[in-house]
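Inspection log for the structure reproduced underneath, given as structure tokens.
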Amino acid sequence: MSGALLVAGTSSDAGKSVLVAGLCRWLARQGVRVAPFKAQNMSNNSVVTLDGGEIGRAQALQAAAAGVPPSVRFNPVLLKPGGDRTSQIVVLGKAVGHTSALSYRERKPELFETVLSTLAGLRAEFDVVVCEGAGSPAEINLRADDIANMGLARAADLPVLIVGDIDRGGVLAHLYGTVALLSPADQALVCGFVINKFRGDPALLAPGLDQLGELTGRPVLGVIPWHPDLWIDAEDSLSYVADGVVGRPKPPLGEWLRVAVVRLPRISNGTDVEALACEPGVSVRFVTEPSRLADADLVVLPGSKATVEDLKWLRDNGLAQAIQEHARRGPVVGICGGYQMLGRKITDTVESGAGTVDGLGLLDIDIEFTVDKTLDRPDGTVFGAPATGYEIHHGTVTRRSSTLVPLVTLPDGTPEGALTNTIAGTHWHGLLENDAPRRELLRWAAAVAGRNFVPAMDTQFAVVREAQLDLLADLVADNLDTDALQALLATGAPGGLPVLPPGAP
């Protein structure tokens with residue numbers, strides 16, 4: 001089997017990322033050498049690859065599904081929003097500056113060359129490349145210089161599947177309208193549809209699928225059911241809904257441990273807390289206002305792409321004071337930007353240009369932002385157990401109290417992070433994915449909070465994630481027309497597909 005295809009969506013968070021992961025695992029289980037690819041991603045959820053760069057976390061998950069190490073080639077252009085109109089731009093894993101929406105368009109021709117050459121290299125190396133689009137291909141105001149959706153499909157001659165989320169309502173109209181807004185040349189590459197997150201009786205949906213096929217001349221290649229056990233690694237930060245429970249909490253072995261994760265406006269790598277949600281008896285919620293901390297046992301401040309601005313947001317809505325008050329009686333954990341906020345001073349002339357501002361004053365450290373971004377995959381020990389993680393940050397610790405106990409100790413004895421009676425902080429993302437350190441951190445938090453929480457000794461985050469990827473592959477195998485998918489990979493888009501009016505010019 002060989003070839004490539006593009007999975008586009010009717011919108012952001014329609015299911016593109018998980019479908020690509022499922023396709024990658026399905027193909028890998030058949031012995032196919034497969035790689036994921038997203039030409040341009042806009043996300044603050046990112047990881048550090050083995051080749052020392054930075055890519056979207058979804059592409060790292062898709063690489064795991066494919067059974068290959070994550071590489072910067074899987075996501076050659078990454079935009080990390082730092083505000084409503086500006087983003088840091090990362091090319092082949094390295095930050096190359098900041099851009100506005102308008103100035104970014106001027107850079108696209110050069111970036112498109114990088115995208116196409118990277119994709120060509122992957123297609124030469126792997127049997128199959130499964131590409132993921134960005135947002136929706138029907139954003140016709142952006143089509144002229146698109147490098148991630150139909151622009152990519154046209155340039156690389158990729159057959160296109162369009163996935164729609166039926167949970168949002170109106171999915172049949174979304175699928176039809178997406179095709180109808182494309183130009184005739186773009187429509188010629190759209191080969192079929194996939195419906196995601198279906199609940200209910202398939203017989204009730206079937207007439208609509210038949211009519212959609214008749215109206216568009218394109219088949220629905222499958223309906224993926226909503227599955228209660230599928231939840232890890234949300235790609236879009238908009239998936240972190242305030243007051244929503246993360247995961248599927250299992251009953252406690254002792255008492256429940258209630259975790260409140262502050263849903264920062266510019267949250268980065270909020271997926272860090274998903275490992276906590278794998279533990280029986282741990283209830284994890286994202287929160288956005290002070291009252292939600294009142295009954296929390298543990299408060300988590302996650303990463304941020306705009307630390308100083310998000311710190312101001314904490315103060316403006318009263319969460320800063322609520323966190324400080326909670327720290328007098330219960331545990332607080334800060335990760336990356338959240339760790340930096342816990343310090344005494346933050347000097348930032350790089351991201352916000354705010355100069356020196358006060359932190360929350362809960363840790364005796366000072367932070368200074370540097371132009372060069374730290375990208376690393378370190379290892380060390382946490383609570384005496386071996387641990388690994390990854391670092392992505394501009395802020396560095398320039399002063400720490402000599403009496404401050406480190407949370408992490410590097411192999412050469414260098415301290416990283418901090419641990420006090422009620423506060424734990426680290427620059428490491430992924431730390432909570434280490435099973436023994438996670439259990440010990442929860443044990444510490446429960447002791448501080450006065451909860452009779454009992455960690456489960458058999459929870460393995462890696463096993464949970466692998467089970468999720470296998471579940472995705474099962475959903476693909478059981479619910480999609482895999483013969484039709486293999487035909488698309490082998491021969492590309494069939495000729496003679498009808499053009500739907502009006503068809504963008």
Side-chain angles (χ1 to χ4, degrees), residues 4-27 36-43 56 58-59 61-62 65 128-139 146 148-150 152-153 158-182 186-187 189-199 202 205 208-209 212-213 216 218-227 230-231 233-236 238-239 469 471-482 484-486 488-489 493 497 500:
L5 60 80
L6 174 70
V7 176
T10 56
S11 66
S12 295
D13 204 29
K16 299 185 295 292
S17 297
V18 293
L19 180 55
V20 169
L23 290 169
C24 285
R25 177 54 64 97
W26 168 68
L27 290 164
F37 183 78
K38 184 157 185 169
Q40 171 195 287
N41 197 351
M42 177 174 281
S43 176
Q59 281 62 67
L61 181 74
Q62 292 160 358
V128 172
V129 179
V130 184
C131 305
E132 178 186 342
S136 164
E139 293 164 350
D146 168 56
N149 291 303
M150 300 313 299
L152 176 66
L158 302 174
V160 178
L161 299 179
I162 299 178
V163 58
D165 180 356
I166 200 168
D167 246 9
R168 297 169 181 261
V171 70
L172 299 178
H174 295 165
L175 293 169
Y176 182 96
T178 296
V179 179
L181 281 176
L182 303 179
D186 285 353
Q187 289 190 31
L189 292 175
V190 177
C191 304
F193 308 109
V194 175
I195 289 179
N196 189 32
K197 296 184 184 176
F198 177 69
R199 314 174 195 229
L205 181 61
L209 303 186
L212 181 67
T216 65
R218 294 159 174 86
V220 175
L221 296 180
V223 178
I224 298 177
W226 179 85
H227 200 291
L230 190 62
W231 58 274
D233 282 281
E235 159 68 357
D236 197 323
L238 296 177
S239 300
L469 294 173
L471 174 57
L472 282 172
D474 292 342
L475 290 171
V476 166
D478 295 342
N479 297 284
L480 297 191
D481 185 343
T482 53
L485 290 174
Q486 293 184 48
L488 287 177
L489 287 170
L497 291 171
L500 307 186

Which atom of Asn41 lies closest to which atom of Gly56, heavy atoms considered
ND2-CA, 3.9 Å
Quick one: does Arg218's side chain have a donor or acceptor within less than 3.5 Å of a partner on Val190's backbone?
yes
Polar side-chain atom of Asp165 near backbone of Gly15 as donor-acceptor pair, under 3.5 Å:
no
Sequence neighbours excluded, which residues qualify as side-chain contact (heavy atoms from CB on, under 4.5 Å) partners of Val130?
Leu5, Val7, Val20, Leu23, Cys24, Leu27, Val34, Val128
One pair to check against side chain to side chain contact (heavy atoms under 4.5 Å, CB included): Thr10 and Val171. What are the steps and the verdict?
CA-CA 8 Å; Thr10 56; Val171 70; 5.7 Å; no
Residues Trp226, Ile166; criterion side chain to side chain contact (heavy atoms under 4.5 Å, CB included); working and verdict
CA-CA 10 Å; Trp226 179 85; Ile166 200 168; over 6 Å; no
Any donor and acceptor pair, going by atom type alone, linking the side chain of Lys38 with main-chain N or O of Ala148 inside 3.5 Å?
no
Sidechain-backbone polar pair: Lys197 side chain, Gly164 backbone, donor-acceptor under 3.5 Å
no
Straight-line distance of Gln62 CD to Cys131 SG, nearest 0.5 Å:
10.0 Å
Provide the closest heavy-atom pair for Ala484 versus Leu221 in the form atom of the first, atom of the second, distance.
CB-CD2, 3.8 Å
Residues in side-chain contact (heavy atoms from CB on, under 4.5 Å) contact with Asp478, at least two apart in sequence or another chain
Asp474
Test item: Ser11 and His174 side chains (from C-beta on) under 4.5 Å apart, heavy atoms:
no
Atom pair SG/CG of Cys191 and Leu485 - distance to nearest 0.5 Å
10.5 Å
Between Ala4 and Leu158, which heavy-atom pair has the shortest distance, and what is it?
CB-CD2, 3.7 Å
What residues form a side-chain contact (heavy atoms from CB on, under 4.5 Å) with Leu61, not counting sequence neighbours?
Asp233, Arg465, Leu469
Looking only at heavy atoms, what is the nearest atom pair of Thr482 and Ala477, with distance?
CG2-CA, 4.3 Å
What is the minimum heavy-atom distance between Asp167 and Arg199, and which atoms define it?
OD2-NH2, 3.1 Å
Considering all heavy atoms of both residues, which atom of Glu132 and which atom of Leu6 are nearest to each other, and what is their separation?
C-CD1, 3.7 Å
Report yes if the side chains of Thr178 and Phe193 come closer than 4.5 Å at any heavy-atom pair, otherwise no.
no
With rounding to the nearest 0.5 angstrom, report the CG to CG distance, Asp186 to Asp146.
8.5 Å
Return the CG to CG distance between Leu189 and Leu488, rounded to the nearest 0.5 Å.
11.0 Å
Leu497 side, atom CG; Thr216 side, atom OG1 - distance, nearest 0.5 Å:
9.0 Å
Set out, in order, the CA-CA distance, both residues' side-chain angles and the distance that settles side chain to side chain contact (heavy atoms under 4.5 Å, CB included) for Val223 and Leu209, then state yes or no.
CA-CA 10 Å; Val223 178; Leu209 303 186; 3.7 Å; yes
Quick one, Leu472 with Leu19, criterion side chain to side chain contact (heavy atoms under 4.5 Å, CB included). Give me CA distance, side-chain angles, the key distance, then yes/no.
CA-CA 7 Å; Leu472 282 172; Leu19 180 55; over 6 Å; no
Separation between CG of Leu475 and CZ of Arg25, rounded to the nearest 0.5 Å
13.0 Å
With distance as the sole test, does Asn149 use its side chain to make a donor-acceptor pair with the main-chain N or O of Ala134 at under 3.5 Å?
yes
